[in-house]
Amino acid sequence: MRYWLMKTEPGVVGIDAVLAMPMQTVDWWGVRNYQARNFMRDQMRVGDKVLFYHSNCKEPGIAGLAEVAKLAYPDRTQFDRKSPYFDPKSTPENPRWVNVDVRATKKTRLIGLPELRSHPELERMRVLARGNRLSITPVDPAEWEFIIKRLLK
DNA sequence: GCCAACGTTGGC
DNA sequence: GCCAACGTTGGC
């Protein structure tokens, strides 16, 4: 089992919105970065644990916990002409973009960036790296453990 | 295949 | 709203 951090904009799909959904599950549509896509397609398995991260908002940080609920499959928005995520170069026969389903398991207190940066145990987290923009990043098991056992107790 | 120009991300 | 960082595009 692997651990991940997945960014989302709370104004679009935040932790509260996902917890309000049927089965507390959402399809993680809209990823248009090859590296992030490859993580979903090649490495994510059902049951993988996820840090649910709020980005591009007033208080960016970890806002909840989640898990992968369904293996990667074609992202429906790439075929929707009206969607900003429409990709004219993608076809149903040869889809370019995929997403997994994510089930939120709990809302946590907001662990903001300054707090994350204050712990040497977390200083190597990809999300904290200078210039990082990747919306899906692997999380080290020790980092996951530290966040769960030290920051969320 | 190089790389300048351009577009996007996302913290601040 | 600014802008640093980074990814993508496309001319050559």
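Being a predicted model, the structure only gives us computed values, none of them experimental. So you know, we letter chains A, B, ... as the sequences are listed, proteins then strands, and number each from 1.
Ring pair A/Trp4/A/Phe39 is tilted by interplanar angle, where 30° to 60° counts as tilted.
Partners of A/Phe146 under the ring pair (Phe, Tyr, Trp, His ring centres under 6.0 Å) rule, at least two apart in sequence or in another chain, are A/His119.
A heavy-atom distance below 4.5 Å is found between the side chains of A/Tyr73 and A/Asp101. Residues A/Thr105 and A/Glu67 form a side-chain contact, since some pair of their non-hydrogen atoms from C-beta on lies under 4.5 Å apart. At a threshold of 4.5 Å between non-hydrogen side-chain atoms, the residues A/Val102 and A/Thr8 do not count as touching.
In this structure, A/Phe52 has its ring center under 6.0 Å from that of A/Trp28.
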Could you go over nucleotides 1-5 of chain B and give all protein N or O partners under 3.5 Å, atom names and distances?
none

### Message
Strictly under 4.0 angstrom, non-hydrogen atoms only: write out the protein contact profile of nucleotides 6-12 of chain B, one letter per nucleotide from the 5' end, B, S or -.
### Response
-BBBBSS
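Under the side chain to side chain donor-acceptor pair (under 3.5 Å) rule, A/Trp97 has a single partner from A/Asp75, A/Thr77, A/Asp87, which is A/Asp87.
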